[in-house]
Amino acid sequence: MREIFAGLPWWVKWIAVPVIALVVFGGLIVSVVGFVVYLLFKILIFVALVGGLIYVVRKFMSGSSSRSDW
């Protein structure tokens, strides 16, 4: 592989090949990045809901019972 790129100008190695790779694999890259963002968003919502549930349950349990720790 190095022998193939050795005789080529710098702009082919650093501009043309990455542009061709983005054109060919661009849809795949966008799909993977979109899925990762979607998954992180779902995880963030899950953590916020569980944290809110724990907060509400602790507030309710400390206000309704005589003992505050369990």
State plainly whether one hydrophobic cluster holds both [X] and [Y], where clusters connect Ile, Leu, Val, Met, Phe, Trp and Tyr through side-chain heavy atoms under 4.5 angstrom apart.
{"X": "Val33", "Y": "Phe35", "answer": "no"}
{"X": "Val19", "Y": "Phe25", "answer": "no"}
{"X": "Val47", "Y": "Tyr55", "answer": "no"}
{"X": "Met61", "Y": "Leu53", "answer": "yes"}
{"X": "Val12", "Y": "Trp10", "answer": "yes"}

So which residues get pulled into Val30's cluster when ILVMFWY side chains under 4.5 Å apart are joined, directly or through others? none
Can you list, by chain and residue number, the hydrophobic cluster partners of Leu49 when the side-chain cut-off is 4.5 Å? Phe41, Ile45
Starting at OH of Tyr38, measure out to CD1 of Ile43 and round the result to the nearest 0.5 Å. 11.0 Å
Name all residues meeting the side chain to side chain contact (heavy atoms under 4.5 Å, CB included) criterion together with Ile54; count only those two or more places apart in sequence or in a different chain, and write none if there are none. Val50, Arg58
